[in-house]
There are 2 protein chains.
Amino acid sequence: MPGHASFAAADLEDTVNASDLEDLIGYNLKRAYVIVQTDFRDTLGEDGLSARMFSALSLTVRYPNITQSELAKMLGIERSGLVAIVDALEEKKYLARAAVPGDRRVQALVPTKKGAKAYGEAVAAVKAHEDRLFADMTKTEKETLLGLLRKIRRKEAKA
Amino acid sequence: MPGHASFAAADLEDTVNASDLEDLIGYNLKRAYVIVQTDFRDTLGEDGLSARMFSALSLTVRYPNITQSELAKMLGIERSGLVAIVDALEEKKYLARAAVPGDRRVQALVPTKKGAKAYGEAVAAVKAHEDRLFADMTKTEKETLLGLLRKIRRKEAKA
DNA sequence: GATTTTCGTTACTTCGGTAAACAATTAAAG
DNA sequence: CTTTAATTGTTTACCGAAGTAACGAAAATC
């Protein structure tokens, strides 16, 4: 038990059972996020895809010819921040920046065959990681959690 | 709709309704975390307490004379990382590093009156922030969410 | 008494992300 | 039309939150 640096003052710790911190959604959300994110990295990690790269690639596969601005908005990050992610994916030959006839400003992102394949494998690995990590939850619990998290996501400050 | 950079290839987007990304707990967890953390900062922000400082102060108030090592472990961070947090709190005169008679290595953290008061106000502000942010959730939903997040936290890799 | 462990600390690095400015390009107003 | 606005991708500089490695002082172990 903490708070007992040998000369231990006040033993009111057991009296106080309102933990504040532990009852906050934000704090628990953060701690849970760190755990999941760490496991993700340990799974996909070591020259695999980072979470950022995975999510960017995922949307590129699902929405081929998506614009960088559109992608950034969907990911909830700034355009400037996306550049490095797309650079990394392009360097791995997982996608390409393609010129768009109509508008010479935009660069459409299109996954390569290699990228589509790598994404398929990554998805499998990620699903295995979640299956394993949340093995002690029932399907209902997972769906409930997902629903509640999405409910929070709806509060997102819109541009 | 994305993926339609004017010359819009394949319209299979509507066909594909398995979103992958949106069905991942990890992704939703992260997005939700960012939203809550941002609102926390906007509330307590501007020379208020950061989330790190708040949680460290919280545990110091609850467990006076807690050791830095103990605190770091409870927060799930490295001892080295805690130093800057304690430095910041000490600079604000919210707590003090007190020498411990028995062991000259450790520094017991003890909140000041000013710190206890500031923490009290911060707690109120944080609770208001969560009440407001999660106003569209029932008490049951919040408790369910808390329970599920704690279930994830139990998987924490122990030192 | 010699060795090992613990504690707080420093220095360095990494990662994810924002903000501001910019050139090129397109759209909108006049 | 021409001038002004806005948009796109990008670079650069910065910041916050962490981790790792090493260290000296002190304590614990053998």
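Keep in mind it's a predicted model, so treat the numbers as computed, not measured. Throughout, a chain's letter reflects where its sequence line sits, starting with A, and its residues are numbered from 1.
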(message) Hydrophobic clustering (ILVMFWY, side-chain heavy atoms < 4.5 Å, transitive) - are B:Tyr27 and A:Met137 grouped together?
(response) no
(request) Provide, to the nearest angstrom, the distance between the NZ atom belonging to B:Lys30 and the C1' atom belonging to C:dC15. (result) 10 Å
(message) Under 4.0 Å between a side-chain nitrogen and a carboxylate oxygen: does that hold for A:Asp87 and A:Arg97?
(response) yes
(message) Once rounded to the nearest 0.5 Å, what's the spacing between atom CG of A:Asp136 and atom CZ of B:Arg154?
(response) 8.0 Å
(request) Measure the shortest side-chain to side-chain distance between B:Gln107 and B:Thr67 over non-hydrogen atoms and say whether it is less than 4.5 angstrom. (result) no
(request) Kindly point out which of C:dT25, C:dT5, C:dC15 is positioned nearest to the side chain of B:Arg105? (result) C:dT5
(message) Working to the nearest 0.5 angstrom, can you tell me the gap between A:Arg41 CZ and A:Leu49 CG?
(response) 12.0 Å
(request) Check DNA chain D against residues 77-85 of chain A and give the residues with a non-hydrogen atom under 4.0 Å, in numerical order. (result) A:Arg79, A:Ser80, A:Val83
(request) Report yes if at least one side-chain N or O of B:Gln68 is closer than 4.0 Å to OP1 or OP2 of C:dT6; otherwise report no. (result) no
(request) Round to a whole Å and report the spacing from CD1 of B:Ile66 to C1' of C:dG8. (result) 15 Å
(message) What I want to find out is whether A:Arg31 reaches A:Glu22 closely enough, with some N-O distance under 4.0 Å, to be called a salt bridge.
(response) no
(request) Find out if a path of hydrophobic residues (ILVMFWY) with successive side-chain heavy-atom gaps under 4.5 Å connects B:Leu44 to B:Val36. (result) no
(request) Counting Watson-Crick and G-U wobble pairs only, both distances under 3.5 Å, name the nucleotide matched with D:dA13, or none. (result) C:dT18
(message) Syn or anti for C:dA11? Use the chi torsion, O4'-C1'-N9-C4 for purines and O4'-C1'-N1-C2 for pyrimidines, with syn inside 90° of 0.
(response) anti
(request) Using atom CG of A:Asp103 as one end and atom C1' of C:dA28 as the other, report the distance to the nearest whole Å. (result) 15 Å
(request) Could you point out which residue of B:Lys127, B:Lys142, B:Arg150 forms a salt bridge (charged side-chain N to carboxylate O under 4.0 Å, His left out) with A:Asp23? (result) B:Arg150
(request) Please state whether the rings of A:His129 and A:Phe40 are parallel, tilted or perpendicular, taking 30° and 60° as the class boundaries. (result) perpendicular
(request) In whole angstrom, give the distance that lies between atom CZ of A:Arg97 and atom P of C:dA24. (result) 18 Å
(message) What is the first contacted nucleotide of DNA chain D and what is the last, in 5' to 3' order, if contact means an atom lying under 4.0 angstrom from a heavy atom of chain B?
(response) D:dG16 to D:dA27
(message) Just N and O in the side chain of A:Arg104: are any of them under 4.0 Å from OP1 or OP2 of C:dA23?
(response) no
(message) Could you tell me how far apart A:Gln37 (CD) and C:dT14 (P) are, to the nearest whole angstrom?
(response) 17 Å
